[in-house]
Asker: 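Quick one: the structure is below, and I'll ask about it shortly.
Here the structure is a predicted model, which is why all the values come from computation and not from measurement. Keep in mind that the numbers below use all heavy atoms, side chains included, and drop hydrogens, waters and symmetry copies.
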Amino acid sequence: MCGIVGYIGSRQACDIVINGLKRLEYRGYDSAGIAICNGEKTEIFKCAGRVRDLEEMVMGKNVSGTMAMGHTRWATHGEPNEINAHPQVSYRGHFIVVHNGIIENYARIKSHLESRDVKFTSQTDTEVLANLMEHLYLEGDLSAEQAIIMALNKVEGTYGIAVYCRDEPGKMFAARQGSPLVIGVGEGENFIASDATPIVEYTQRVIYLNDDDLAVISKDEMVLKAIKNKSVEPEVKKVDLKIGEIDKEGYPHFMLKEIFEQPRAIHDTFRGRVLPNQAGLMLGGLHKVFDTMAASDRILIVACGTSWHAGLVGEYILEEYCRIPVEVEYASEFRYRDPIIKKGDIVLAISQSGETADTLAAVKLAKERGALVLGICNVVGSSISRETNAGVFTHAGPEIGVASTKAFTTQVVTLAMIAFEIGYRKGLLDETHYRSLIGELVALPEKVEKALKVNDQALALAKIYKDSTNALYLGRGLLYPVALEGALKLKEISYIHAEGYPAAEMKHGPIALIDEHMPVVVVATKENSYEKIVSNIQEVKARKGKIIAVVTEGDQIISKMADYVMEVPETITVFAPVLAVIPLQLFSYHIAVLRGCNVDQPRNLAKSVTVE
């Protein structure tokens, strides 16, 4: 959530920072601001609304300066307005701060500062942090760096911050605790950002800050320290990200682009991991732990949102091919219920961004309890990829649209590859079966390409149902998580209330909602429970419900029963969710567009959920 961009160098900073904030819009926000520094003079512009509103605000103003920092805020403490927007300035104007995260003990600190006649103008926890820095700076006759370190040692919670002290021009400070922050290393210039997307236009060299890191940045130097004031050796990495990957490339929305990128994304997920002649799989990130996984008595999957749905599919796949009990937990609940973790348990964390706060907290708890903690995520250098003992990157490429699409399909493919390899190592899959599964994996991108041809049908259906107020999604077996994911997509981007259910559970409650106005989306490709879901469709039809069915190409039974049908190619059961979800993604997308919704940045949502 939120986005930070900072620049210090020789170029004019305002355009660099505002363009960087545009690159971070996908993270979700409701206000924006920028501080532009030119020697001892600093201009600050803030507004509720979008980055384009901020851009219009600075247009025609004197915004010259070679150092600036900007922010997009997703409101937590205080409503989204100009006063609460960042940057926040300390009460006597010495410190300017932009901040992602939450300061949990802000109320106690604020009360203490108010007793010392410190004045506050906003409702934010960030202003508390700025005022604490300044209070320590003035009372203790400290340097800015010393005041920042002392303040950060007094706060509890999460932060990714950029700080400027007006008394020390020519440098900025950046620090991290639980909220991602990246330093871009250039020639005679340096950058700060929440992730690499605003940086790749200028440099491919980055430093990912770890928790308790403090960076002191000037245009020619970057010194990395620990909050405990010990020196830290920076590790510079190269970002494997091209500027075209974060542009729409002719598509009207990032979401549609990412839906159509899925054939390539799935191919990139297994590219380099399938041995020649499809003789086997090589998941290098898990090579040293596969035998431990195979010997495990239990796998716990922790995730949130779409990744949780992928985890539910993974539960079916892992149990079928590995015969290991699997439990799928909401990461947001996992750490608060004192979970039972035994020696030998595997905890598998799934997150697109690798920064999801609840999932990261679950990872840390599982490590403390002695579990082998593994990760599946998309972003190299992310917090979860560094906190886990081992893991796999999906290599899906940047996902900018808030509503995940290719994250789901590539996570399912990754889970399938893990299951195939464990099953083979345990002797549950013979050589012939193992190779046939890999063959189906390699054929999958082409089948996804074919599934995308339902786009016109999805648009036609969207025109019929764009004014619906409710929708029900049904599936059985490993297609039940697809129903959940389809419902989530519809409610996320079109704001239509939708629920996903196991089809057999319909008669235990949701059937009461069904009438001639209720669209019922049934995910009904030819799997083991096909005959059962035929019966469930008949129950809906008996109550005049309207059936939209996702079926296997050439289906002869459900196609005749349903009001509308979208077909996908035939595949093995394990990959059915990958194909079946695509018509649902397209259906939701077109409904949202027809309703005039902001598809890529739905209201109240953020891409990278870095607060609990």
Asker: Output yes when a side-chain donor or acceptor of S122 lies under 3.5 Å from a complementary backbone atom of I83, and no otherwise.
Answerer: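 A pair under 3.5 Å: no.
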Asker: For the residue pair E485 / T306, report whether a side-chain donor-acceptor contact shorter than 3.5 Å exists.
Answerer: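 Their side chains do contain a donor-acceptor pair, which is all the 3.5 Å distance test asks for.
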Asker: Measure from NZ or CZ of R603 to the centre of the six-membered ring of Y495, then state whether that distance is under 6.0 Å and the direction lies within 45° of the axis.
Answerer: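 Because its charged atom sits under 6.0 Å from the ring centre and within 45° of the axis, R603 does stack over Y495.
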Asker: What do you reckon, is CD of E114 surrounded by more than 12 foreign heavy atoms closer than 6.0 Å?
Answerer: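 Above 12, so yes.
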Asker: Looking only at heavy atoms, what is the nearest atom pair of A174 and L181, with distance?
Answerer: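 Scanning both residues completely, I find the closest heavy atoms to be CB-CD2, 3.8 Å.
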Asker: Salt bridge check: are E387 and K367 linked by an N-O gap of less than 4.0 Å?
Answerer: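 Salt bridge between E387 and K367, a charged N being under 4.0 Å from a carboxylate O: yes.
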Asker: Would you call K171-E145 a salt bridge at under 4.0 Å N-O?
Answerer: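 No.
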Asker: Would you compute the distance between atom CZ of R205 and atom CD1 of I183 and round it to the nearest 0.5 angstrom?
Answerer: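 Nearest 0.5 Å value for the CZ-CD1 distance: 13.0 Å.
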Asker: What about F191 and Y202, are their ring centers closer than 6.0 Å?
Answerer: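 Yes: the rings meet the under 6.0 Å criterion.
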Asker: A side-chain contact here means heavy atoms from C-beta on lying under 4.5 Å apart; do V155 and Y106 qualify?
Answerer: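 No. Closest side-chain heavy atoms not under 4.5 Å.
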Asker: Between W308 and Y330, how do the two ring planes meet: parallel, tilted or perpendicular, split at 30° and 60°?
Answerer: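 Ring orientation of W308 relative to Y330: parallel.
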Asker: Centroid separation under 6.0 Å, is that true for the rings of Y137 and H94?
Answerer: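 That pair passes the under 6.0 Å test.
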Asker: Taking the basic N atoms (NZ, or NE/NH1/NH2) and the acidic carboxylate oxygens, is any pair closer than 4.0 Å for R23 and E201?
Answerer: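 Yes, R23 and E201 are salt-bridged.
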Asker: Taking atom CD1 of I34 and atom CG of D15, what is their separation to the nearest 0.5 Å?
Answerer: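 The CD1 atom of I34 sits 8.5 Å away from the CG atom of D15.
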Asker: Using every non-hydrogen atom in the two residues, find where L21 and G3 come nearest and quote the distance to one decimal.
Answerer: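 Smallest heavy-atom distance, with atoms named: CD2-O, 4.1 Å.
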Asker: Could you give me the CA-CA distance, side-chain angles and deciding distance for I4 and M69, then say whether side-chain contact (heavy atoms from CB on, under 4.5 Å) is met?
Answerer: CA-CA 7 Å; I4 289 173; M69 56 187 187; 5.9 Å; no
Asker: Side chain to side chain donor-acceptor pair (under 3.5 Å), that's the test. Do E355 and S383 meet it? Break it down for me.
Answerer: CA-CA 6 Å; E355 301 293 351; S383 297; 2.5 Å; yes
Asker: With a 4.5 Å limit on heavy-atom distance, are the side chains of E156 and R108 in contact?
Answerer: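 In short, these two side chains touch, coming nearer than 4.5 Å.
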Asker: Indicate yes or no: at least one non-hydrogen side-chain atom of K219 is less than 4.5 angstrom from one of S10.
Answerer: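 Yes; the side chains approach each other to less than 4.5 Å.
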Asker: How far apart are the closest heavy atoms of S31 and A85, and which atoms are they?
Answerer: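 Smallest heavy-atom distance, with atoms named: OG-CB, 3.7 Å.
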Asker: Ignoring hydrogens, what is the shortest heavy-atom contact between D600 and F254? Give both atom names and the distance.
Answerer: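 D600 and F254 have their closest heavy atoms at OD2-N, 2.8 Å.
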Asker: Can you establish whether the number of heavy atoms outside Q123 located under 6.0 Å from its atom CD is more than 12?
Answerer: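 More than 12 heavy atoms, drawn from other residues, nucleotides or ligands, come within 6.0 Å of this atom.
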Asker: Any chance the side chains of T126 and Q88 put a donor and an acceptor closer than 3.5 Å?
Answerer: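 On atom types as modelled, these side chains do not qualify, holding no pair under 3.5 Å.
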Asker: Which is it for L138 and R92 under the side-chain contact (heavy atoms from CB on, under 4.5 Å) test, yes or no, and what are the steps along the way?
Answerer: CA-CA 10 Å; L138 297 175; R92 290 184 182 172; 3.6 Å; yes
Asker: Compare every heavy atom of S351 with every heavy atom of Q411, then report the nearest pair and how far apart it is.
Answerer: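 Minimum heavy-atom contact is NE2-C, 4.0 Å.
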Asker: Would F408 and H309 count as a ring pair (Phe, Tyr, Trp, His ring centres under 6.0 Å) here? Give the steps.
Answerer: CA-CA 8 Å; F408 176 81; H309 297 157; 7.2 Å; no
Asker: Measure the OG-CZ distance between S382 and R386 for me, rounded to the nearest 0.5 Å.
Answerer: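 These two atoms lie 7.5 Å from each other.
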Asker: Taking all atoms of both residues into account, what is the closest heavy-atom pair of R166 and I44, and its distance?
Answerer: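 Scanning both residues completely, I find the closest heavy atoms to be NH2-CD1, 4.2 Å.
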Asker: Without swapping roles, check the side chain of N105 against the backbone of K154 for a donor-acceptor pair under 3.5 Å.
Answerer: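 Yes, N105 side chain to K154 backbone: donor-acceptor pair under 3.5 Å.
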Asker: Before you tell me yes or no, could you show the steps for D212 and Q177 under side chain to side chain donor-acceptor pair (under 3.5 Å), namely the whole-Å CA-CA distance, both residues' side-chain angles and the distance that decides it to 0.1 Å?
Answerer: CA-CA 6 Å; D212 293 323; Q177 178 63 251; 2.7 Å; yes
Asker: What distance do S494 atom OG and L594 atom CG have between them, rounded to the nearest 0.5 Å?
Answerer: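 If we round to the nearest 0.5 Å, S494:OG and L594:CG are 10.5 Å apart.
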Asker: Measuring only between side-chain heavy atoms, which start at C-beta, is E492 closer than 4.5 Å to L488?
Answerer: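 When only atoms from C-beta onward are counted, L488 and E492 do touch, with a gap below 4.5 Å.
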Asker: Below 4.0 angstrom, N of the basic side chain to O of the carboxylate: do R50 and E55 qualify?
Answerer: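 No, R50 and E55 are not salt-bridged.
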Asker: Are E139 and R116 close enough for a salt bridge, meaning some N to O gap below 4.0 Å?
Answerer: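 R116 and E139: not salt-bridged.
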Asker: Looking at N210, is its backbone amide N or carbonyl O close enough to the side chain of D213 to form a donor-acceptor pair, meaning the two atoms are under 3.5 Å apart?
Answerer: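 Here the side-chain-to-backbone pair exists.
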Asker: Verify side chain to side chain donor-acceptor pair (under 3.5 Å) between N62 and S64, making sure each step is shown before the conclusion.
Answerer: CA-CA 6 Å; N62 180 12; S64 64; 3.1 Å; yes
Asker: If you measure from the Lys or Arg side-chain nitrogens to the Asp or Glu carboxylate oxygens, is any gap between K406 and E261 under 4.0 Å?
Answerer: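 Yes, this pair counts.
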Asker: Determine, stepwise, if the pair H253 / E258 fulfils side-chain contact (heavy atoms from CB on, under 4.5 Å).
Answerer: CA-CA 9 Å; H253 300 94; E258 287 153 13; over 6 Å; no
Asker: More than 12 heavy atoms of other residues, nucleotides or ligands under 6.0 Å from CG of L142: yes or no?
Answerer: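 More than 12 within 6.0 Å, yes.
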Asker: Using the side chain to side chain donor-acceptor pair (under 3.5 Å) rule, take E399 and S404 through it: C-alpha gap first, then chi angles, then the decisive distance, then the call.
Answerer: CA-CA 7 Å; E399 189 178 67; S404 279; 2.7 Å; yes
Asker: Nearest 0.5 angstrom please: S468 OG to R595 CZ, how far?
Answerer: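 It is 8.0 Å, given to the nearest 0.5 Å.
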Asker: Are D195 and T197 linked by a side-chain donor-acceptor pair shorter than 3.5 Å?
Answerer: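 T197 and D195 do have a side-chain donor-acceptor pair below 3.5 Å.
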Asker: Does R176 come within less than 4.0 Å of D211, counting only side-chain N to carboxylate O?
Answerer: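 Yes.
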Asker: For the residue pair L209 and V182, establish whether any side-chain heavy-atom pair is separated by less than 4.5 Å.
Answerer: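 Not in contact.
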Asker: Over 60° means perpendicular and under 30° means parallel, so tell me whether H86 and H99 are parallel, tilted or perpendicular.
Answerer: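 If you compare the ring of H86 with that of H99, the planes turn out parallel.
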Asker: With a 4.5 Å limit on heavy-atom distance, are the side chains of N131 and E127 in contact?
Answerer: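 The answer is yes, as the side chains (C-beta and beyond) meet within the 4.5 Å cut-off.
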Asker: Taking the six-membered ring of F120, is the NZ or CZ of K110 close enough (under 6.0 Å from the centre) and on axis enough (within 45°)?
Answerer: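 Judged by the rule (NZ or CZ under 6.0 Å from the ring centre, within 45° of its axis), K110 counts as positioned above F120.
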Asker: Take C165 and M133 through the test side-chain contact (heavy atoms from CB on, under 4.5 Å) and record every step on the way to the result.
Answerer: CA-CA 10 Å; C165 178; M133 290 174 182; over 6 Å; no
Asker: Is there side-chain contact between I301 and L312, with at least one heavy-atom pair below 4.5 Å?
Answerer: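 Heavy-atom side-chain distance check fails, nothing below 4.5 Å.
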Asker: Is R52 paired with E56 through a side-chain N to carboxylate O contact shorter than 4.0 Å?
Answerer: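 No salt bridge links E56 with R52.
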Asker: State, without any angle test, whether T394 and N378 hold a side-chain donor-acceptor pair at a distance under 3.5 Å.
Answerer: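 N378 and T394 do have a side-chain donor-acceptor pair below 3.5 Å.
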Asker: Does the pair K364/E368 count as a salt bridge with the N-to-O cut at 4.0 Å?
Answerer: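 E368 and K364: not salt-bridged.
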Asker: Taking the side chain as every heavy atom from C-beta outward, state whether R73 and Y29 have any atom pair closer than 4.5 Å.
Answerer: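 A side-chain contact is absent here, since even the closest heavy-atom pair is not under 4.5 Å.
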Asker: Can you tell me if N190 uses its side chain to pair, donor with acceptor, with the backbone of Y7 under 3.5 Å?
Answerer: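 No; zero donor-acceptor contacts below 3.5 Å.
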Asker: Find the distance between CD (E329) and SG (C304) and round it off to the nearest 0.5 Å.
Answerer: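 If we round to the nearest 0.5 Å, E329:CD and C304:SG are 11.5 Å apart.
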Asker: Between T388 (side chain) and G391 (backbone), is there a donor-acceptor pair under 3.5 Å?
Answerer: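 Side chain of T388 to backbone of G391, a donor-acceptor pair under 3.5 Å: no, none is there.
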Asker: Crowded around M57 CE? As in, over 12 foreign heavy atoms under 6.0 Å?
Answerer: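 Enclosed.
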